[in-house]
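First comes the structure, then the notes that go with it.
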Amino acid sequence: MYKYSWKAALMTFGMMGVRKIAWAAEENIVQEGGGGQSFPDWIIAVSSVVIFVLGLIFMFFLLKRGFDKTNRDIRNLREELAHQKRLLDLLNKRIDDMPEGPVQSTFVKEQYAESPVKQTASPLMQPKPMPVQAQNITEPKPNPREKLKEKCLEFAEDYNRIQTITGMGAREAKMEFQRKYNLCGFICINSTERINHPEKEPQFQLRESLMDSAIWGFRIGNFYVVAPNPRQYVGTDHDYGGMKELFDSNFQPGRTYNKIKLNKVAIMTHDLQIYDQGKGSLQLS
């Protein structure tokens, strides 16, 4: 409060000096009429101006010093605020990294571990710990048939879903379907021979390209889960390409179908023999 009192006093004395010089000037003017000695007017004027200018300069530096101090205080407050913000961010980060469950302090655990426990009762009165026998809990082994059934249902749902997607997303949906099940292709290698000998059983073979394969499928255990390639269903594939042996459908001779709904998959063995025909498996439209 009294930090700048001496400066204010100095300014007051300076102003008083200016006022005194002004009074002296007036007295000199009065004495000139009485024949007394007087100062020249220009000396009094210059002295007044010099003292006034010095007062202004002093006030300028005084105010500048006050402004500089205020700016330093503001800068220090900003730096302190930024420091506190960094500390708060670090604290929030540590809180996020903490485990959700209750954590017992290691200091408390060590304190209780190192502190001696005094026995006030006789050792004979201490209860003896009862041995606890751990129970052997064995998880039930998954049933291969149940696992195969669940996978077949999931495959049929995804197969039907990708055929409902149209436009730009249809191709991406099929690619995602192929990656999910790691699909492989199958063809009937004796389809041409079966045209003249339809009594012969179809023989299937794995193919690298899915586009050229009439049948898609994936392996699970010792079996292959298969379904038709989701494209046009034509009579040659049905009659000679092994489709009628693998799938049961509502196919009518001479017709071509653009949509295939998979109700039940067909299953082949690891050596590509028909294991289970999908009864009522295909609904063609």
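A quick note: this is a predicted structure, and the numbers were derived from the prediction, not measured.
The closest donor-acceptor contact from the side chain of K174 to the backbone of P230 lies under 3.5 Å. Of the possible polar contacts, none joining the N229 side chain to the D212 backbone as a donor-acceptor pair under 3.5 Å is found. Between the side chain of R194 and the main chain of Y240, a donor-acceptor pair closer than 3.5 Å is present. With hydrogens and angles ignored, the 3.5 Å screen pairs a side-chain donor or acceptor of Y159 with a backbone N or O of P228. A donor-acceptor pair under 3.5 Å is formed between the side chain of N190 and the backbone N or O of Q203.
Closest heavy-atom contact between V225 and C152: CG2-SG, 3.8 Å. Smallest separation of non-hydrogen atoms from S213 and G185: OG-CA, 3.4 Å. Looking at every heavy atom in both residues, P202 comes nearest to G242 through CB-CA, 4.0 Å.
A salt bridge between R231 and D237 is present, with a side-chain N of the basic residue lying under 4.0 Å from a carboxylate O of the acidic one. Of the charged side-chain nitrogens involved, none lies within less than 4.0 Å of a carboxylate oxygen, so that E150 and K147 do not count as a salt-bridged pair. In this structure, K180 pairs ionically with E154, as a charged nitrogen and a carboxylate oxygen lie closer than 4.0 Å. Of the charged side-chain nitrogens involved, at least one lies within less than 4.0 Å of a carboxylate oxygen, so that D73 and K69 count as a salt-bridged pair.
Under the 4.5 Å side-chain criterion, counting only non-hydrogen atoms from C-beta, K85 is not in contact with L81. Inter-residue side-chain proximity for W216 and Q178 is flagged as met; some heavy-atom pair is nearer than 4.5 Å. The shortest distance between side-chain heavy atoms of D248 and L282 does not fall below 4.5 Å. Within the 4.5 Å cutoff, side-chain heavy atoms of F204 are placed close to those of M268. With a 4.5 Å cut-off on side-chain heavy atoms, F218 and V226 do not count as touching.
Note that CD of E172 and CD1 of I165 are 10.0 Å apart. Values are rounded to the nearest 0.5 Å. With rounding to the nearest 0.5 Å, the separation of CG in N263 from CG in N160 is 7.0 Å. Expressed to the nearest 0.5 Å, how far CG of N250 lies from CG of L284 amounts to 4.5 Å. To the nearest 0.5 Å, atom OG1 of residue T269 and atom CG of residue D276 are 12.0 Å apart. In this structure, the separation between CG on L210 and CZ on F177 is 10.0 Å, given to the nearest 0.5 Å. Atoms NZ and OG, on K200 and S191 in that order, are 12.5 Å from each other to the nearest 0.5 Å.
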With ring pair (Phe, Tyr, Trp, His ring centres under 6.0 Å) as the criterion, how do Y224 and F186 come out once you've worked through the C-alpha distance, each side chain's angles and the decisive distance to 0.1 Å? CA-CA 10 Å; Y224 283 100; F186 306 85; 5.3 Å; yes

Test side chain to side chain contact (heavy atoms under 4.5 Å, CB included) on H83 and L88; report intermediate values, then the result. CA-CA 9 Å; H83 177 67; L88 182 60; over 6 Å; no

Stepwise side chain to side chain contact (heavy atoms under 4.5 Å, CB included) check, K244 with S249: CA-CA 8 Å; K244 67 180 180 181; S249 66; over 6 Å; no

Stepwise salt bridge (charged side-chain N to carboxylate O under 4.0 Å, His left out) check, D68 with R72: CA-CA 6 Å; D68 292 342; R72 286 196 299 272; 5.3 Å; no

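Under the 4.5 Å side-chain heavy-atom criterion for Ile, Leu, Val, Met, Phe, Trp and Tyr, I187 and I267 are members of distinct hydrophobic clusters. Linking Ile, Leu, Val, Met, Phe, Trp and Tyr whenever their side-chain heavy atoms come within less than 4.5 Å puts V49 and I57 in one cluster. There is a path of hydrophobic side-chain contacts, each under 4.5 Å, that joins L206 to V265. Y275 and M243 fall within a single hydrophobic cluster, where Ile, Leu, Val, Met, Phe, Trp and Tyr side chains are chained together by heavy-atom contacts under 4.5 Å. Both L183 and F247 are members of a single hydrophobic cluster when ILVMFWY side chains are connected at heavy-atom separations under 4.5 Å.
Between F155 and Y181, the angle of the ring planes goes over 60°, which puts this pair in the perpendicular group of the 30/60° scheme.
The number of heavy atoms from other shown groups lying within 6.0 Å of CD (Q84) is above 12. Atom CZ of R179 sits in a crowded spot, with more than 12 heavy atoms from other residues, nucleotides or ligands closer than 6.0 Å.
Checked options Q232, Q283, Q252; the residue passing with Y257 is Q252 (criterion: side chain to side chain contact (heavy atoms under 4.5 Å, CB included)).
A donor-acceptor contact closer than 3.5 angstrom links the side chains of Q277 and K279.
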